[in-house]
Q: 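Okay, here's the structure, questions in a sec.
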Number of protein chains: 2
Amino acid sequence: MDERVPRNFETLRTTILERRQSLPKRIAQIAAYALDNPDDIAFGTAASIAASAGVQPSTLIRFAQQFGFDGFTSLQLVFRERLRERNSSYDERLAALRAKAEEGAGHRAIFDGFVAAASTSLNDISGRLNEDHFEAAITLLAKAETIYVLAKRRSYPVASYIAYALGKLKIRNQLIESAAGLNAEMISFASSRDAVIAISFSPYAPATIEEARVISEQRVPIVAITDSSFSPLAQFAKVWFEVAEADFAGFRSLSATMALAMALTVAVGEKRRDTGGKGKA
Amino acid sequence: MDERVPRNFETLRTTILERRQSLPKRIAQIAAYALDNPDDIAFGTAASIAASAGVQPSTLIRFAQQFGFDGFTSLQLVFRERLRERNSSYDERLAALRAKAEEGAGHRAIFDGFVAAASTSLNDISGRLNEDHFEAAITLLAKAETIYVLAKRRSYPVASYIAYALGKLKIRNQLIESAAGLNAEMISFASSRDAVIAISFSPYAPATIEEARVISEQRVPIVAITDSSFSPLAQFAKVWFEVAEADFAGFRSLSATMALAMALTVAVGEKRRDTGGKGKA
DNA sequence: GGCAATATGAAATAATAATTCCAATCGATA
DNA sequence: TATCGATTGGAATTATTATTTCATATTGCC
């Protein structure tokens, strides 16, 4: 009999499929599990995998031996190698986009650069959102009578979209935008029954920070979206989110911030509907 | 001080980079190794990693503790999780996000939904951009003395970002935004030596359409970003782009539009620099 | 230059995990 | 249905690996 040890995942896979019919019941069970959950094999321990697959650890070892390995450990190496090698197509594509963009191949490259930056940012935030903070922010905002939205300059587009969406959801809101002197007055109306969404990224617009400070002194709770824990916004905020946006050509993406902002807004709208109407519960 | 344990790789990475300067020598050595060889951390044993990084295993554990983990094992989990996630292909991940979002599993699902919508839109536009149109638009805008930016409601955030970016690039521009009656007057100043970027999606804001009509009658060339060839904007435009944004919970993403807008803006800036300054060549 | 606090190395120990072993069960065959 | 060989479960054993400890070195500070 041909007693080659499958050195790579594909060979192993083929071998397993070939012999599938003639395998003992429990061994076949593991075989199926292994092909369905290769990541678990790569990371798990013999005991944990065996439990997930519904067999005994010893059976797992028999499975490995059946296919010419000398134990579970060497079988596992194949599954780990696979993970190392299989560089995700997504990241490759992104890297390619970025590379093309960076070598400056015309205007198309600029476009690719911005698409790549946006994708990267989204990808990033998707794994990074702190759910507790998210829930806390929603709860806080859902209770507010009026939601003030505070952002300048680069962050202003996000604020204006939040204001638009809040309006559509019939949630009372006030955009604090004007570069003129009306802000101070607007802010002075805010009370602890209201709430603020403040957005600012480095270099932080001084006006945003100052207004956030004033408003926090009025005991209005603040939800901040910013870019690091050292952000001056963070210290005034009840809840804050760290969003790392990738940049291109000196302009940072807004896609992650936008996605977070939209999610917050819609979630607040939903929560209000559930708890029956606006204002403090 | 807020001593959160970085639960995902990106957060950890950021934290490491932030503290890099203040870390003890050997710890820093491991930090560098970890960021350079994340796969090794994911798969190796404490001893093997320590050897590769040129330190003692105990130092590796101290490194983990320094960052809030209770030992090497829990640190390693972060590196493993990263591999797991990286490895699912882009489309798989998107599908998973969307599925989770659609089965309505709480607020987190809302967030996932918006991230998925944004990613989808970006993915879409990336393969779809017409390069000739793109070049034409850039040429047209680069020649303009003043670039007027025209958008309301949902599209307004994009317009405001364009205006911000144009400003940063020192390109004269005028945002036509006010809901009050000043727009007509503003528009009346525009001439054929200027240009317009107009953005509108169904349901098209009547004001945008009307203003586009008027301005096109003044022979001001228009670059439009809209959502279909039936868009009333398209008929007034010299060049127009079709952008299909995915939506979630009734709110469409803006990510593709944003990326296109940024690319246009920056490309125009670049073209102007190349052809020596602003205005008509 | 001396002292305290911090960092490091190396080995001992504790924990965890893989493997082996043996008894029990199952299944085919006569 | 009795029997043999193959298969399986579960605990015992062995191995590997993480963690702790403690002595030593280094650094920062007065």
Side-chain angles (χ1 to χ4, degrees), chain A residues 1 3 5-6 12 15-16 18-34 37-81 83, chain B residues 1 3 5-6 12 15-16 18-34 37-81 83:
Chain A
M1 179 175 286
E3 204 47 276
V5 180
L12 175 59
T15 314
I16 290 175
E18 267 170 13
R19 298 208 217 157
R20 190 189 351 216
Q21 303 307 330
S22 60
L23 293 173
K25 194 172 77 175
R26 296 266 111 117
I27 306 280
Q29 196 172 322
I30 296 176
Y33 183 85
N37 311 68
D39 289 9
D40 289 354
I41 308 281
F43 290 124
T45 67
S48 73
I49 295 164
S52 304
V55 301
Q56 290 291 326
S58 46
T59 309
L60 193 52
I61 285 153
R62 291 183 193 118
F63 166 76
Q65 289 165 343
Q66 188 95 217
F67 287 93
F69 299 95
D70 52 52
F72 167 71
T73 309
S74 39
L75 169 83
Q76 194 177 39
L77 287 180
V78 172
F79 284 78
R80 292 188 166 182
E81 204 45 51
L83 272 189
Chain B
M1 160 80 72
E3 198 53 86
V5 179
L12 175 60
T15 313
I16 290 175
E18 268 170 12
R19 297 208 217 153
R20 202 217 299 255
Q21 303 307 329
S22 62
L23 292 174
K25 194 173 76 176
R26 294 268 110 115
I27 306 279
Q29 195 171 324
I30 295 177
Y33 183 86
N37 311 65
D39 290 8
D40 289 352
I41 308 278
F43 289 127
T45 67
S48 72
I49 295 164
S52 305
V55 300
Q56 290 291 325
S58 48
T59 309
L60 192 52
I61 285 153
R62 290 181 194 119
F63 166 76
Q65 288 166 344
Q66 188 98 209
F67 287 93
F69 299 94
D70 51 52
F72 166 71
T73 309
S74 40
L75 170 83
Q76 193 176 40
L77 288 181
V78 171
F79 285 77
R80 293 190 164 180
E81 202 45 51
L83 267 192

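We name chains A, B, ... by the order of the sequence lines, and we start the count at 1 in each one. No hydrogens, no waters, no symmetry mates; every other heavy atom, side chains included, goes into these values.
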Q: For the side chain of T73(B), starting at C-beta, report the closest nucleotide among dT7(D), dA18(D), dG9(D).
A: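 Minimum distance to the T73(B) side chain belongs to dA18(D).
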
Q: Write down the distance between CG (D70(A)) and C1' (dT19(C)), rounded to a whole number of angstrom.
A: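 After rounding, the reported distance stands at 11 Å.
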
Q: Within this structure, what is the CG-to-P distance between L23(A) and dT7(D), rounded to whole angstrom?
A: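 After rounding, the gap between these two atoms is 10 Å.
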
Q: Do Q29(B) and R26(B) have side-chain atoms, one donor and one acceptor, less than 3.5 Å apart?
A: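 Yes, a side-chain donor-acceptor pair sits under 3.5 Å.
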
Q: Among the nucleotides dT17(D), dT19(C), dT7(D), which one has an atom lying closest to any side-chain atom of T45(B)?
A: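 Of the options given, the side chain of T45(B) lies nearest dT17(D).
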
Q: Tell me whether the side-chain N/O atoms of S58(B) come closer than 4.0 Å to OP1 or OP2 in dA18(D).
A: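 Negative; the distance criterion is not met.
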
Q: Mind checking I27(A) for me? I need base, sugar-phosphate or nothing, with any heavy atom below 4.0 Å counting as a touch.
A: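 Since only primed, P, OP1 and OP2 atoms lie under 4.0 Å of I27(A), the category is sugar-phosphate.
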
Q: Let me know the distance between CZ of R26(A) and P of dT25(C), rounded to the nearest Å.
A: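 Those two atoms, CZ and P, are 15 Å apart.
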
Q: How close do I49(B) and F72(B) get, heavy atom to heavy atom, and via which atoms?
A: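 Of all heavy-atom pairs spanning I49(B) and F72(B), the closest is CD1-CZ, 3.5 Å.
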
Q: Any donor-acceptor pair under 3.5 Å linking the side chain of R80(B) with the backbone of F43(A)?
A: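 Yes, R80(B) side chain to F43(A) backbone: donor-acceptor pair under 3.5 Å.
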
Q: Of the listed nucleotides (dG9(D), dA10(C), dA18(D)), which one gets closest to any side-chain atom of A46(B)?
A: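 Given the options dG9(D), dA10(C), dA18(D), the side chain of A46(B) is closest to dA18(D).
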
Q: Does Q56(A) make a side-chain N or O approach to OP1 or OP2 of dT8(D) shorter than 4.0 Å?
A: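 Looking at the OP1 and OP2 atoms of dT8(D), neither is under 4.0 Å from any side-chain N or O of Q56(A).
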
Q: Let me know, please, whether G54(B) or P57(A) comes out on the 5' side of the other along DNA chain C by nearest nucleotide.
A: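 Taking each residue's closest nucleotide, the earlier one in sequence belongs to G54(B).
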
Q: In whole Å, what is the span from the CD1 atom of I61(B) to the P atom of dT16(C)?
A: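 Distance check: I61(B) CD1 to dT16(C) P gives 13 Å.
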
Q: Yes or no on side chain to side chain contact (heavy atoms under 4.5 Å, CB included) for Y33(A) and V55(A), after CA distance, side-chain angles and deciding distance?
A: CA-CA 11 Å; Y33(A) 183 85; V55(A) 301; over 6 Å; no

Q: How many Å lie between CZ on F69(B) and C1' on dA18(D), as a whole number?
A: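 These atoms are roughly 16 Å apart.
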
Q: Between Q65(A) and dT20(C), is there a contact of a side-chain N or O with OP1 or OP2 at under 4.0 Å?
A: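 Yes.
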
Q: Q29(B) has an atom CD; how far is it from atom P of dT8(C), in whole Å?
A: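 Distance check: Q29(B) CD to dT8(C) P gives 9 Å.
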
Q: How many whole angstroms separate atom NZ of K25(B) from atom C1' of dG28(D)?
A: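 Those two atoms, NZ and C1', are 15 Å apart.
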
Q: Assess the residue pair F63(A) and F69(A) against the criterion (ring-ring contact (aromatic ring centres under 6.0 Å, His included)); give the C-alpha distance rounded to whole Å, side-chain angles, the decisive distance to 0.1 Å, and a yes or no.
A: CA-CA 9 Å; F63(A) 166 76; F69(A) 299 95; 8.3 Å; no

Q: Whole Å only: how far is the CD atom of Q76(B) from the P atom of dA17(C)?
A: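 Going from Q76(B) (CD) to dA17(C) (P), I get 11 Å.
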
Q: Output the single nucleotide from dA18(D), dG9(D), dA18(C) whose closest atom is nearest the side chain of F72(B).
A: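 Of dA18(D), dG9(D), dA18(C), dA18(D) is nearest to the side chain of F72(B).
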
